[in-house]
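Values below: every heavy atom of this structure, side chains too, minus hydrogens, waters and symmetry copies.
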Amino acid sequence: MSIVKEIQQSVKESLASLFNQPFTEKDFQVNQIKQEFEGDYTVVMFSLIKTLKLSPDFLGNQLGEHLIKNYPQLFSGYHIIKGFLNLTVADAYWFALLQKNYNDVCFGKKVMNGKKVMVEYSSPNTNKPLHLGHLRNNFLGWSVAEILKANGYEVIKSCIVNDRGIHICKSMIAWQLFANGATPQTTNTKGDHFVGEYYVKFNDEYKLQVEALIGKGVNKEEAEKEAPIMKAAKEMLLDWEAGKPEIIELWKTMNSWVYAGFDITYKRIGSDFDVTYYESNTYLLGKRTVEEGLAKGIFNKEEDNSVWIDLTNDGLDKKIVQRKDGTSVYITQDIGLAQDKYNEYKIDQSIYVIGDEQNYHMKVLKLIAEKLGLPNAANIFHLSYGMVELPTGKMKSREGTVVDADDMVDEMLATAQKHTEELGKVKDFTAEELKELYDTIGLGAMKFYLLRVDPKKKMVFNPEESIDFHGFTGPFVQYTHARIKSILRKLGGTRQEKLQAGTLLPLEKDVIVTIEQFSSVLEKAAAEHNPSEIANFVFNLAKIFNSFYTEHSIANAETAEKKQLRLQLATMTANVLKSGMQLLGIKVPERM
RNA sequence: GGUCCGGUAGCUCAGUUGGAUAGAGCAUCAGCCUUCUAAGCUGAGGGUCAUUGGUUCGAAUCCAAUCCGGAUCACCA
């Protein structure tokens, strides 16, 4: 049980016995005490004062005395300031906690709870390479999956590849028109970038054709429909859904190029999936479901043969689920996918890590699933995250301001190398060890940077300033870990020695008090699907440890007893930093 | 226009069942390496918590109105 829960429990029991009436946790608050005041945790008594009609001093003294007398293993003192009862937790409590857990690498994690959750993330389109926004998605999805695992859930990581649709046909058409048979091999280009170039070419050509038509007096709307290259793409989509062999052949070839490119990127950034779904499969079940929905009267067919659902009674609009030419749209495949996921895994919750620009889409999807009576409709959860923007605004491919994922990783690794070489602390490393270290630090900096912000909020990335290696960053936490490891190596590790419960110095206590909160932080991070809780926590712990480290020597501690205490403190800090960072997908080095 | 989200230090961000004098990092300034890794530590300056009103012992936090920014409402995905 966490210390906060222990305090709540003890206060509840004390109030009941003192005033002979029942109280709950809601009648008072237990908060950590601010630095300026003496003590560790405070009981906020204002509402108790009101209901009991007692003075703060009287209530505080009654409660304080009772707590000290009846829970001596928990409390060693109290102060009353206004309506706050400030409690000092007994050093013996912290000693016991440290003694019991300092070597437990699973500290804070929960046992399996029997619940199964799927986390879908990444979900790339096969017409262009990944950019900085995708990185936020990948890191977020991966981390949330790990956080849920640490809280006892069985987690299945999934990925839906948006491998069909008009956007794919666009890059295919452009390749046919402009490539002259070029391939990633002949041009020595990474497959996803290669295909992405043709998607850009399509858009350029389309724009030219539309402008040309407008120049001939065609109105804009008509011109956009009649541009030959767009018509060709639409025809190709029809041919694709009809299974025309040469189209399927080209589609497979171009997708295989993209997958080869993605694989390289995923491997570098450490994204992995237990199952990969393809829209080219899931849309079929979606189409069948549309037929069933039509039969049930949930969807309706217009005169032009397009199929719609009317959600105006639910405060939303009408939504198309199938085009007039019979081909399926984005949401059609999602209707199929939701069922595929449940049928295969019988999951208790289905989490979709998708940008907040699709809030409306996901709301519609969930509503449609409910109306269709799909078994897991209620368990669909959209983990919506904000866009990554530049100081100048949104990233725009047309203006060339998109920050490419591969470029970003390259740059981070180069920066890690530069800093490491400047500091010159690992000159004895082999080439292989150095490469691994640059990976650890460079990716660590990038992941931490993207995960330290609340996922719900949009965030600004300034390429000019680049990603820092000091302060609230991944390398800061990694460095703290490396320093501890260095001490443990030099002092030969920590002995399993029983400590006499003595007195803790303030900085020693700060460290253990912070460590104790790890488990609660894990719970909160899982409940809110929010890795930034973990990032904030590990940074805070590292910072507090660094203060302690600067002020007190471990190797030359005042007594042998103190030395052991501090070794255990350091060991436990390293363990918790490592497991916290692991939940963010970040490795911690032994040396750096 | 409808719906949703946001506005906290020069910049990037923390800060919810309403609690004490609103916190970090970066940047700026002043200190700290003959002692366990200075990618570190200590300190200083920096705030109309968008604005106004309300609710109460107490509001960055809850309510209302206003201002500003963004997303979305496609036979794109």
For A:I168, is there any backbone N or O sitting under 3.5 Å from a side-chain donor or acceptor partner on A:N127? no
Does any N or O in the side chain of A:H470 come within less than 3.5 Å of the main-chain N or O of A:F476, such that one atom is a donor and the other an acceptor? no
Taking atom [atom1] in both [N] and [M], compute the distance separating them and give it to the nearest angstrom.
N: B:U21; M: B:G15; atom1: C1'; answer: 16 Å
N: B:C36; M: B:C41; atom1: C1'; answer: 15 Å
N: B:G69; M: B:C32; atom1: C1'; answer: 44 Å
N: B:G1; M: B:G46; atom1: P; answer: 41 Å
N: B:C4; M: B:G43; atom1: C1'; answer: 45 Å
N: B:A20; M: B:U61; atom1: P; answer: 13 Å
N: B:G70; M: B:A30; atom1: C1'; answer: 41 Å
N: B:A60; M: B:A9; atom1: C1'; answer: 14 Å

Classify [X] by what it touches in the nucleic acid, base, sugar-phosphate, or nothing, heavy-atom distance under 4.0 Å.
X: A:I320; result: base
X: A:T480; result: nothing
X: A:F476; result: sugar-phosphate
X: A:H552; result: base
X: A:K490; result: sugar-phosphate
X: A:Q29; result: base
X: A:S547; result: sugar-phosphate
X: A:I484; result: nothing

Sequence-distant partners of [X], side chain to side chain donor-acceptor pair (under 3.5 Å), two or more places apart:
X: A:T420; value: none
X: A:T332; value: none
X: A:T312; value: A:D310

When you measure from the side-chain N and O atoms of [X] to the phosphate of [N], is any distance below 4.0 Å, counting only OP1 and OP2?
X: A:R323; N: B:A77; answer: yes
X: A:N556; N: B:U35; answer: no
X: A:T550; N: B:C41; answer: no

Between [options], which one does the side chain of [X] approach most closely?
X: A:F46; options: B:G19, B:C36, B:A77; value: B:G19
X: A:E389; options: B:A77, B:A24, B:G70; value: B:G70
X: A:Y549; options: B:C36, B:A71, B:A77; value: B:C36
X: A:K543; options: B:G40, B:G25, B:A77; value: B:G25
X: A:I487; options: B:C76, B:U37, B:A20; value: B:U37
X: A:H470; options: B:A20, B:C75, B:C26; value: B:C26
X: A:H361; options: B:A77, B:A24, B:C75; value: B:A77
X: A:F84; options: B:A77, B:U21, B:G19; value: B:G19
X: A:K50; options: B:C75, B:A20, B:C57; value: B:C57
X: A:K324; options: B:C36, B:C75, B:A20; value: B:C75

Upstream residue (5' side of RNA chain B) when A:T473 and A:A542 are each assigned their closest nucleotide: A:T473
Between A:E279 and A:T42, which has a closest nucleotide on RNA chain B that is more 5'? A:T42
Ignoring hydrogens and geometry beyond distance, is the side chain of A:N86 in donor-acceptor contact with the base of B:A20 at under 3.5 Å? yes
Is it true that [X] and [Y] make a salt bridge, defined as a side-chain N closer than 4.0 Å to a carboxylate O?
X: A:E508; Y: A:K562; result: yes
X: A:D454; Y: A:K456; result: yes
X: A:E224; Y: A:K220; result: yes

Protein-nucleotide distance (A:K34, atom NZ; B:G19, atom C1'), rounded to Å: 9 Å
Roughly, in whole Å, what's the span from CZ in A:R483 to P in B:C36? 11 Å
Only distances under 3.5 Å count here; give the side-chain donor-acceptor pairs of residues 526-534 of chain A to other protein atoms, sequence neighbours excluded, each with its distance to 0.1 Å.
from	atom 1	to	atom 2	distance (Å)
A:N530	OD1	A:S532	N	2.9
A:N530	OD1	A:S532	OG	2.7
A:N530	ND2	A:S532	OG	3.3
A:E533	OE2	A:K524	NZ	3.2

Nucleotide by nucleotide, 5' to 3', does protein get under 4.0 Å of the base (B), only the sugar-phosphate (S), or neither (-) in nucleotides 1-16 of chain B, counting heavy atoms? ------S----SSS--
Along nucleotides 28-33 of chain B, 5' to 3', which nucleotides get a B, which get an S, and which get a -, given that the test is a protein heavy-atom distance under 4.0 Å? ------
Row check, A:F472 ring normal vs A:R452 NZ/CZ: under 6.0 Å, within 45°: yes
Lys NZ or Arg CZ of A:K363 over A:Y360 ring: under 6.0 Å, within 45°: no
Please evaluate residues A:K318 and A:E302 with respect to the criterion salt bridge (charged side-chain N to carboxylate O under 4.0 Å, His left out), reporting the C-alpha separation (whole Å), side-chain torsions for both, the decisive distance (0.1 Å), and the verdict. CA-CA 12 Å; A:K318 288 180 180 175; A:E302 294 290 309; 5.6 Å; no
